Amino acid sequence: MRRLVAALLLAAAGACSDPAPPPPPGPASVVEAVSAQDLRVTYDTLLTRTAVVRVRDAGGRPVPGVPVRWAAQQSSVDPAESLTDAIGEARTTWRLRGITAREIPARLEAAVLTTHGTRAVGFTAHVDPGAPVVATVVRFDTLPRRTGLVVEVGQRVRFTTFGRDAFGNGVSDTPAAWSVHDTTRARIEAATGVLTGVAQGVVRVVAAIPGVRPVADARALVVDPLRSREVAAGANWSAPRAAAGAARCWGARFTGPFAPADDVVPPTAVLPGTRLARLTGAGTAACAMEEGAATVWCWRGRETGVGAPTPPVPQRALVGAGDAAAVTALAVGDRSICAADAAGAVRCAPYAVRPTAGGGELDVGAAAPVATLGPVTALAASDSLTCGAVGDGVWCWTTSAAVTRTALARCAVGLAASRLDVSPSRVWAGDAAGAVRCAPRVPAGFAVWVAAPLTAPLRTLAVGAYVLCGVTPDARLRCSGTNAAGLMQRRDFEPVPVEIDAPSPDGSGWSAVAVSDELMPPDQPGLAPHAPHACAVTGAGRTYCWGANVRAQLGVPNEFPCGSRPSVPCSPTPLPVPSASRD
């Protein structure tokens, strides 16, 4: 009996002893989110959130003391690294202040080194901005920028708004009630912001937004595009020629570093009633030949000096012997004007600007013969060098204000050029097939002609200090060069080599293009810079310009195009040139 009691007591004692301790957790194997992974919060009510993850081993047991690294995008996190606690959880504070737009969510990632490698858990927060307190009006198809907006007559475009709340958070396409101050020039749908151009002029587009004071607004320029057949471009001026032969010229008065809206000279007729052809120009001079005659008319570009704008004053120049031989080719450089007649005789005349009360007029000297080269298929000039394409070669000569010809030399043999242009560093030539070649500008002879950077054939050729442009056989605009002043139609305005292949805005293709050979100005206030621009004509006769606009050489006030920097307002987008005064 005593043995049985002892056995029972021993069994009871064994049953009441402590159990064996559980085995320790294994290495980290699983990472999971504890807090919500997809958030949508209101910006002005919740700016921080605690993010929590849990780390477990392969058996599902929490693992303490494991480092967790946190990485945030469009937001910030503190601390960037934390350790799991006794229940395997790690946490951090996620700060959402600084998000720039609700379309860009904030992201947070927790990374842990496990037995399977690095494992990560992600969190996303969509933050809705508060009510806008400031807003600007932009065109639907443009980027927000310091600019006015250009709309063609009959064109329908949608306007929208871009606002910011009290925290600086972006609020795009804010609902607004739309209106224009002058319904004779444009109409706008109050609910949608769709504007239709009615008549040429400047209108104020207004967006009334609840909670935003004052209302957001912008100026829009409604234009009836100028229609022409060809166009020329020089220092701070442009000039087109209409199909009927009438030439026009525009630019701005010379009243300061920039041309304000009220200082823009609209396209002004030159020699009305006279049929002109072969419009060309460079520097301060524009010239055109009179159809069927030996007369060349020249005038100064539209930079007319301080005071009321005055129309260009044409001057008759380069009259052939007995007015018998009609002019067939024409070129204008920075110092001289040269023309060739049907017999192949080339004559040149020096020119300068004669100071006047209005700012100066063109003063063309007497023409002198250069040589009789034979039938000249093309003439081109830049600076003091002029070249002519004759038969299967190219002849070049230098000119100056005092001497109209020096160093006449045949610079290429075996090159049948039908198009020719001269830049500050090279001579460019195109043959009948559209192939373009160039050579260093050495009047004594060009040793090597090399292919131009454009591979597509060009049926027209225009060269400036920064770009080569032309129209392809399929009526597209092709340019190659650097993006000085937005000439390559890019918004970055970096002077890097690029190429464009641009269709026309009206869908009719391109027919002609002109590029000024002006150099970029120093970036210093108070100077009167000459900066490059370009103009082109579509198959339907519409004229568009782009590039620098310091003197309104694009045909619109310089506040309408965007600017690469304060001293060089420019537009990378071809702007339609108004057909007459904007008012």
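Worth saying up front: this structure is predicted, and the values here are computed from it rather than measured.
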Could you give me the CA-CA distance, side-chain angles and deciding distance for V327 and T295, then say whether side-chain contact (heavy atoms from CB on, under 4.5 Å) is met? CA-CA 7 Å; V327 175; T295 302; over 6 Å; no

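- When all heavy atoms of W546 and V513 are compared, the closest pair comes out as CH2-CG2, 4.4 Å.
- When every heavy atom of V205 is checked against every heavy atom of A220, the shortest pair comes out as CG2-CB, 3.9 Å.
- For S382, the side-chain contact (heavy atoms from CB on, under 4.5 Å) test picks out V422, P424, R441, D517, with sequence neighbours left out.
- Counting only residues at least two apart or in different chains, salt bridge (charged side-chain N to carboxylate O under 4.0 Å, His left out) contacts with residues 282-297 comprise R275-E291.
- For T543, the side-chain hydrogen bond (donor to acceptor under 3.5 Å, both in side chains) partners are S228, not counting sequence neighbours.
- Taking the side-chain hydrogen bond (donor to acceptor under 3.5 Å, both in side chains) definition, one finds that R227 meets it with nothing, sequence neighbours left out.
- Residues satisfying the salt bridge (Lys or Arg N to Asp or Glu O under 4.0 Å) criterion with R229, sequence neighbours excluded, are absent altogether.
- For S504, the side-chain hydrogen bond (donor to acceptor under 3.5 Å, both in side chains) partners two or more places apart in sequence, or in a different chain, are D506.
- Sorted by first and then second residue, the pairs that involve residues 233-247 and meet salt bridge (charged side-chain N to carboxylate O under 4.0 Å, His left out), not counting sequence neighbours, are E230-R241.
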Pairs under 3.5 angstrom only: tabulate donor-acceptor contacts from the side chains of residues 365-381 to other protein residues two or more places apart or in another chain.
| from | atom 1 | to | atom 2 | distance (Å) |
| --- | --- | --- | --- | --- |
| T377 | OG1 | A389 | O | 3.2 |
| T377 | OG1 | A417 | O | 2.7 |

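- Qualifying side-chain hydrogen bond (donor to acceptor under 3.5 Å, both in side chains) partners for S423, counting only residues two or more places apart in sequence or in other chains: W428.
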Show the numbers, then the answer: is there a side-chain contact (heavy atoms from CB on, under 4.5 Å) between L458 and V471? CA-CA 5 Å; L458 301 177; V471 177; over 6 Å; no

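- Identified under the salt bridge (charged side-chain N to carboxylate O under 4.0 Å, His left out) test for residues 456-474, with sequence neighbours left out: none.
- Applying the salt bridge (charged side-chain N to carboxylate O under 4.0 Å, His left out) rule to pairs touching residues 421-434 yields nothing, sequence neighbours excluded.
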